[in-house]
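See structure below.
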Protein chains: 2
Amino acid sequence: MNQALKILDIFIKIQEYSDVFQHKRDGLLDEISLTEVHCIDYIGMTDHPNVTKISEQMGLTRAGISKISKRLISKGLIESYQDPDNKKEIYFRLTEGGQSVYDEHKKIHNKVRQEWLAFFEHYSDNEKATILRFFTEINDLFDGKSADKIEKEK
Amino acid sequence: MNQALKILDIFIKIQEYSDVFQHKRDGLLDEISLTEVHCIDYIGMTDHPNVTKISEQMGLTRAGISKISKRLISKGLIESYQDPDNKKEIYFRLTEGGQSVYDEHKKIHNKVRQEWLAFFEHYSDNEKATILRFFTEINDLFDGKSADKIEKEK
DNA sequence: ATATTTTTGTTGACGCGTTAACAAAAACGT
DNA sequence: ACGTTTTTGTTAACGCGTCAACAAAAATAT
């Protein structure tokens, strides 16, 4: 994976999960919240997503996903199904409407990605290496801190 | 202002307003939410802060600040006062308890700042210049986008 | 001076996600 | 096979902040 992409990944994370992005996001997808789009995104790219899997992946509680999935169903964007051999777990899949939200989101995502790659090409290889190192070390720093924190809480 | 500090400022903003910081923050100040601490912070460093000023500064609604200030009063961290010549505006100041929260937050803030400056010293002057340029340009990019967005909404 | 407009703060209804408690199903131990 | 434990999803109560509607005070216009 090249440097630009690595830095990009870090930035996308910051961007997607930061307030900045939450408030200045593309007005295209009103009626659907950012969380709902993320949820659709995950359902769209996962094999047999159930409440638990989605909640773990998205960093929300099962209760939260349970409610979000109900909203998405009532909006006609996803539907649920079950394995005949398993009456406990409930899986989700996208409806047509959900699929088009998924596609549109991917499109926006890719557009931002392309813009970013273009932007990043203004830097020399050396500069890119520096920036990458910077982000990698910052990332490690954060991880280290959170580890400390977890340790302290035990 | 030197490069390290400029980059630091940008990072502090990302850090303070990102989910990452919200969830991995120091467990020292439980019973008080991050928003409340920010509010205390602003009240602590402003002359005659009223609901409107605080809301504009913090990017929240007046309704929100109205409720937060009531919470902070009920927790004994701030108190309100009025100008005898103005029966409309309501100002706030920190109580002793509020002041110690303020001080503690500043202490943590400075500690993080110091750690960050130390971390940043691992980079050469050239590298620092590159990183700064990167952040500056990213910042401009974001600003530009938000301007587009505002325009589109009109 | 008085009428109109603007500013300021509050309240109620709402949306969103969390925690806690729970029932049903599955997994496990023996 | 049966009792216990774990997993899974749902629900109610709650916290937080938004929006909309509002009353009171201040600013402005005439």
Side-chain angles (χ1 to χ4, degrees), chain A residues 16-17 19-25 27 29-40 42-43 46 48-75 77-93 153, chain B residues 17 19 21-25 27 29-40 42-43 46 48-75 77-93 153:
Chain A
E16 287 210 339
Y17 291 103
D19 270 11
V20 176
F21 187 65
Q22 287 221 10
H23 293 100
K24 297 183 181 173
R25 69 196 151 99
L29 306 172
D30 283 340
E31 359 251 290
I32 311 174
S33 77
L34 186 59
T35 308
E36 287 170 350
V37 175
H38 282 163
C39 194
I40 287 175
Y42 181 69
I43 291 173
T46 306
H48 292 293
N50 60 356
V51 172
T52 299
K53 258 202 236 172
I54 299 173
S55 69
E56 286 169 353
Q57 173 68 24
M58 293 185 60
L60 300 183
T61 60
R62 292 204 310 275
I65 299 302
S66 177
K67 291 178 182 174
I68 291 168
S69 65
K70 288 206 181 313
R71 287 208 302 272
L72 288 174
I73 289 173
S74 78
K75 291 180 184 179
L77 298 173
I78 66 173
E79 55 194 16
S80 62
Y81 64 95
Q82 286 190 270
D83 180 344
D85 295 352
N86 185 325
K87 300 232 159 236
K88 190 166 60 159
E89 300 184 359
I90 297 178
Y91 307 103
F92 301 101
R93 67 165 82 89
E153 281 174 343
Chain B
Y17 291 103
D19 270 10
F21 187 65
Q22 288 221 11
H23 294 98
K24 295 184 182 174
R25 70 194 148 99
L29 307 171
D30 283 340
E31 1 250 286
I32 309 174
S33 77
L34 187 58
T35 307
E36 287 170 349
V37 174
H38 282 162
C39 194
I40 287 175
Y42 181 68
I43 291 173
T46 306
H48 293 292
N50 60 356
V51 171
T52 299
K53 258 202 237 172
I54 297 173
S55 69
E56 286 170 353
Q57 173 68 25
M58 292 184 63
L60 300 181
T61 59
R62 291 205 309 275
I65 299 301
S66 178
K67 291 177 182 176
I68 292 168
S69 65
K70 288 207 181 314
R71 288 207 302 275
L72 289 176
I73 288 173
S74 77
K75 290 179 185 180
L77 297 174
I78 66 173
E79 55 193 16
S80 63
Y81 64 96
Q82 285 191 272
D83 179 343
D85 295 352
N86 186 326
K87 298 234 162 233
K88 191 166 61 161
E89 301 184 359
I90 297 177
Y91 307 101
F92 301 100
R93 68 165 81 90
E153 281 176 342

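Computed from a predicted model, the values in this text were never measured in an experiment. Reminder, nothing fancy here: chain letters follow the sequence lines and each chain counts from 1.
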Backbone N/O of [Y] and side chain of [X]: donor-acceptor pair under 3.5 Å:
{"X": "B/T46", "Y": "B/I43", "value": "no"}
{"X": "B/S66", "Y": "B/R62", "value": "no"}
{"X": "B/K75", "Y": "B/E31", "value": "yes"}

Output yes when at least one side-chain N/O atom of [X] is less than 4.0 Å from OP1 or OP2 of [N], else no.
{"X": "A/T35", "N": "C/dG17", "value": "yes"}
{"X": "B/N50", "N": "C/dG9", "value": "yes"}
{"X": "B/S66", "N": "C/dT11", "value": "no"}
{"X": "A/R71", "N": "C/dG17", "value": "yes"}

From [options], nucleotide with atom closest to [X] side chain:
{"X": "A/K87", "options": "C/dA25, D/dG9, C/dT8", "answer": "C/dA25"}
{"X": "B/L60", "options": "C/dT8, D/dG17, D/dT11", "answer": "D/dG17"}
{"X": "A/K88", "options": "C/dA24, C/dT10, D/dA26", "answer": "C/dA24"}
{"X": "B/N86", "options": "C/dT18, D/dA26, C/dT10", "answer": "D/dA26"}

Whole-Å gap separating [atom2] ([N]) and [atom1] ([X]):
{"X": "A/D83", "N": "D/dT8", "atom1": "CG", "atom2": "C1'", "value": "14 Å"}
{"X": "B/I65", "N": "C/dT7", "atom1": "CD1", "atom2": "P", "value": "19 Å"}
{"X": "A/I68", "N": "C/dG15", "atom1": "CD1", "atom2": "C1'", "value": "12 Å"}
{"X": "A/E31", "N": "C/dG15", "atom1": "CD", "atom2": "P", "value": "14 Å"}
{"X": "A/I90", "N": "C/dA23", "atom1": "CD1", "atom2": "P", "value": "18 Å"}
{"X": "B/E56", "N": "C/dG9", "atom1": "CD", "atom2": "C1'", "value": "13 Å"}
{"X": "A/I73", "N": "D/dT10", "atom1": "CD1", "atom2": "P", "value": "8 Å"}
{"X": "B/Q82", "N": "C/dT7", "atom1": "CD", "atom2": "C1'", "value": "15 Å"}

| task | State whether the distance check finds a donor on one side and an acceptor on the other, under 3.5 Å, for side chain B/K67 versus base C/dG12. | result | yes
| said: Looking at B/K53 and C/dT8, is any side-chain donor or acceptor paired with a base atom of the opposite kind under 3.5 Å? | reply: no
Would you say that [X] contacts [Y] through its side chain, given a criterion of any heavy-atom pair below 4.5 Å between the two side chains?
{"X": "B/Q82", "Y": "B/E89", "answer": "no"}
{"X": "A/I54", "Y": "A/I68", "answer": "no"}
{"X": "B/F92", "Y": "B/L72", "answer": "no"}

| query | How would you label the contact of A/T61 with the nucleic acid (heavy atoms, under 4.0 Å): base, sugar-phosphate, or nothing? | reply | base
| query | Which part of the nucleic acid, if any, lies within reach of A/K70 when heavy atoms closer than 4.0 Å are counted: base, sugar-phosphate only, or nothing? | reply | sugar-phosphate
| said: If you assign A/A63 and A/E36 each to the DNA chain C nucleotide with the nearest heavy atom, which residue ends up on the more 5' nucleotide? | reply: A/E36
